[in-house]
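Order of listing sets the numbers, starting from 1, for every ligand and every atom in it. Values below: all heavy atoms of this structure, side chains included; hydrogens, waters and symmetry mates excluded. The shown structure was predicted, so the numbers you read here are calculated from the model rather than taken from an experiment.
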Amino acid sequence: MQSDLFSSDERAGKNSAGPDAADWKVRAEWLRTELNRHSHAYYVLDNPTIPDAEYDKLFRELVDLEQAHPELASADSPTRRVGGQPLPEFAPVRHAVLMLSIRTETDTTSGGAIAFDARVRRELGLDADAPPVEYAAELKFDGLAINLRYENGILVQAATRGDGATGEDVTQNIRTIRQIPLRLTNCSAPVLEVRGEVYIRRDDFERMNERQREKGEKTFVNPRNAAAGAVRQLDPAVAAQRPLSFFAYGLGDVQGWRIPDTHSGTLDALEKIGVPVNAERRVVQGADGLVEFHAHVAAIRDALPFDIDGVVYKVNSFALQRRLGFLSREPRWAVAHKYPAQEQMTIVRDIDVQVGRTGKLTPVAKLEPVFVGGVTVTNATLHNEDETRRKDVRVGDTVIVRRAGDVIPEVVAVVLEKRPADAGQPFDMFRHLQGKCPVCGSHIHREEGEADWRCTGGLVCGAQRRQAIAHFAGRRMMDIEGLGDRYIDSLVEFGYVNALADLYRLTVADLLAMKRRAEERDGVIPETVQKGKIATKWAENLIDGIEASKRPTLARLLFALGIRHIGESTAKTLADWLGQLELIRRAPAPLLRLLPDIGGAVAESIADFFAEPKNQKALDELLRAGVVPTDEHAPSAKLRNLLQPQELLGALAIPKLTETRAAQLAAKGVSLAALANADRTAIDAYGLPSEIGTALAGWLDAPANREQLRALQEMQADLLKLMPEQAGSEGVLAGKTLVLTGTLPTLTRDQATEKIEAAGGKVAGSVSRKTSYVVAGEEAGSKLAKAQELGVPIIDEAGLLKLLEEK
Ligand code: IVH
């Protein structure tokens, strides 16, 4: 049985209960106020206060009351206005044929279909033994109703429903929907109005919200809201970016087009002239056919690529439709039959944080169990910290939960008016987790400009283990032959491998036992038993593969560690320049940032990975297990240029300390060590402009910054010690800085740079007294003039090539 929160007034609270239905005048007034308030919150504030199903229920109650007591009818009743007044910005469109709505059957069991068929038979005066009525059964799309007017086969106007009589001209926006034909195929009828629903597919909707989240912007509550917003978007360029789709379900005004005799025939005819019509439609006989269709659609509902609001049954014959007619603006020949709602209200009991396979931390609301979209939901994703704060979800809050299709249930909004006095604090990921990953205890980190917090314990975190091992074993990493996902899963599941180093302790016996347990788990007869002998070859091969992986290049080993942002080429750069794992694993971020193609975020990510002691320990264990990089070497002499004090000072990103100022400090002989110990008097003695001195002093107030200076200074000293003695031994241009200007006759700028760097030189962007050479080509400009002024030697391409050839 469905546990619909709203079927009981007591559980739904006084807001949806209201005054006693016996006093219908007061009740109707209350319903109007409530409905107006909710629809204002929904359409204007985009901040729903109740689930749609609950709104529909109150709306239906008011319609019924007004029908039973016509004297209640008032011009301002929400029942007079479906979908909102035309906006002043859109031109009003008077519909040639009213756009009506259909009655909703809220009984979500088969009873709904049976009741409709019984009503139709009664209205048609059919005897019990008369043959079954033929129906067209189709989906009820969850979007926005649109009237498309084609004249002589050309789309001339598109309008929303508005109040049914007058809608809004949204032609511009609708034209951006690629599925809607701007010209009909083989149809030049003077007037053909096609009616249907504009909607957004679920995958498009998820992508759209993902983009919003990445931009740190507000997400859309559901596909229908997003579709309605897009259609009524005043800027057609913005509307064009919204992924809208369309299905036709009927006709409006028609002149000069032969209308088929049945509804199903009409949809077939529309399809033939190029109008999108959904394939999930059937012609069925009697109540049994309707019940079967309802059940069929319930079964495929989650697999549909878009949300539906239920199914629609229509008497198929237009002649019978005319006989049945209308009852207060609703056709007697059609009904919408619903399914359990995809949105419900419930209470947040707690907020947990889940760790994903890549270390991403996702806040999850633990809910009072609630029946949504056909299943009982106890968890709903809150996506990330920003979104949780934007929606301001707190423990104790009443929230609207949505579950549609295979999409993970999510909290779409908080019902603020139900927030208890003792509700929790606004969500704060760091405080909530006290800075530690809930699975492995490693420190958590959120990069600047990123929406997600992450666990930094890539090598040790249980949540990331399978992914980490699979990456480690990959072909371009440690290249462990034979270690596929299936074995990794079993090795982890049965506890043979908890850390990377465990791989190197595996024995043939372990692998055979692992396989046996996996086969037992899957209930398959072990191959080994089938053949009457124990197959061990695969296990021996795998052990050989693991053994062979113990001698990787340094770059492969670095790539294999799965450090965020470290791909193959960054790993190569690190290995080339620093040469040794011992240096790389303790390199401070500012030093890494100086290496080619390593930006701030990448440098931070590497330093952050190695700042986690658990990762360091896991790496030590790997080395102890016998993994040795084969190609370690002394740090590259190319580093010498980068280790100059002005470069290092510049890389520290000290506020206000520009490159020029850093150079100025360095020229004064201020070393990293001196700076690490400098007090205000010492800083003042550097002779910097006072605001820069103050900024520097402020930066040095943070002990972590002084620490970083010391680490950088130690690293600098060690690297200089380890580097080859003779700077020149690495290349003829070692220690030289060149500036390129103008167009060279044969070399591109990149090629020249490459040659200079390969010879140990550095290419700078501007000329100074320190510049060794300016290489000038055609149309050299101000740099050439500057070189002449400073007396820097000027050479041409031939001169450069000659320099490069020198021994
Ligand atoms: S028929 C006179 N068929 O549901 C009958 N409507 O309240 C006109 N809808 O505004 C509607 N799918 O936007 C019809 N297959 C379908 C539908 C459908 C969705 C929407 C439509 C209309 C509302 C009916």
Side-chain angles (χ1 to χ4, degrees), residues 52-53 55-57 59-60 63 78-84 95-106 116 120 135-148 158-168 170 174 193-200 222-225 227-228 231-232 244-254 259 262-264 266-268 270-271 275-284 290 293-294 297 301 304 306-316 318 320-322 324-339 342:
D52 293 342
Y55 182 92
D56 291 348
K57 202 170 142 229
F59 190 87
R60 166 76 17 213
V63 170
T79 57
R80 293 297 163 95
R81 163 164 77 104
V82 188
H95 296 302
V97 175
L98 280 182
M99 280 185 88
L100 301 174
S101 63
I102 39 184
R103 188 189 157 83
T104 300
E105 188 54 71
T106 45
F116 171 63
V120 167
Y135 296 103
E138 57 200 42
L139 303 179
K140 185 162 195 287
F141 313 107
D142 202 6
L144 185 77
I146 289 289
N147 184 68
L148 304 175
T160 62
R161 178 162 68 172
D163 64 3
T166 307
E168 296 155 336
V170 289
I174 292 302
E193 287 188 357
V194 176
R195 289 183 176 171
E197 198 89 344
V198 169
Y199 68 96
I200 294 186
N222 55 37
R224 169 155 44 86
N225 239 13
V231 169
R232 303 167 85 230
L244 296 167
S245 303
F246 175 83
F247 281 130
Y249 53 65
L251 298 174
D253 190 15
V254 176
I259 303 177
T262 59
H263 178 75
S264 60
T266 304
L267 293 190
D268 294 345
L270 287 178
E271 193 168 32
V275 175
V277 182
N278 183 257
E280 209 54 67
R281 61 184 195 271
R282 279 189 198 169
V283 174
V284 302
L290 296 179
F293 184 76
H294 188 253
V297 173
R301 183 187 190 195
L304 289 171
F306 46 84
D307 278 5
I308 55 166
D309 196 24
V311 287
V312 178
Y313 310 136
K314 296 170 184 169
V315 170
N316 201 22
F318 286 141
L320 287 185
Q321 284 190 9
R322 275 189 291 276
L324 284 158
F326 293 82
L327 175 70
S328 70
R329 291 156 65 98
E330 284 175 351
R332 285 201 190 84
W333 43 263
V335 78
H337 193 187
K338 296 258 186 174
Y339 291 108
Q342 289 179 315

Salt-bridge criterion met for Glu330 and Arg60 (N-O under 4.0 Å):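 Counted as a salt bridge, because a side-chain N and a carboxylate O are separated by less than 4.0 Å.
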
Salt bridge flag under 4.0 Å for residues Lys338 and Asp56: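 The answer is yes: the pair qualifies as a salt bridge.
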
Stepwise side-chain hydrogen bond (donor to acceptor under 3.5 Å, both in side chains) check, Glu138 with His263: CA-CA 11 Å; Glu138 57 200 42; His263 178 75; 3.0 Å; yes

Glu168 side chain vs Gly162 backbone, donor-acceptor pair below 3.5 Å: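 No: the side chain of Glu168 does not pair with the backbone of Gly162.
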
Backbone or side-chain N or O of [X] under 3.5 Å from ligand 1 N or O:
{"X": "Leu144", "value": "no"}
{"X": "Trp333", "value": "no"}
{"X": "Ser101", "value": "no"}

Which atoms of ligand 1 sit under 4.0 Å from any heavy atom of [X]?
{"X": "Arg161", "result": "10 (O)"}
{"X": "Ala145", "result": "10 (O), 13 (O)"}
{"X": "Leu100", "result": "8 (C)"}
{"X": "Ile102", "result": "5 (C), 7 (O), 24 (C)"}
{"X": "Lys140", "result": "4 (O), 12 (N), 19 (C)"}
{"X": "Glu138", "result": "3 (N), 15 (N), 16 (C)"}

Between [X] and ligand 1, which residue portion shows a heavy-atom distance shorter than 4.0 Å: side chain, backbone, both, or neither?
{"X": "Phe141", "answer": "both"}
{"X": "Val312", "answer": "side chain"}
{"X": "Leu139", "answer": "backbone"}
{"X": "Arg195", "answer": "neither"}
{"X": "Pro331", "answer": "side chain"}

Atom 13 (O) of ligand 1 [closest protein heavy-atom partner, distance rounded to 0.1 Å]: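 Of every protein heavy atom, Glu197 OE1, 2.4 Å lies nearest to atom 13 (O) of ligand 1.
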
Heavy atom of Lys314, distance to ligand 1 below 4.0 Å: yes

Test of ring centre spacing under 6.0 Å for Tyr135 and Phe293: no

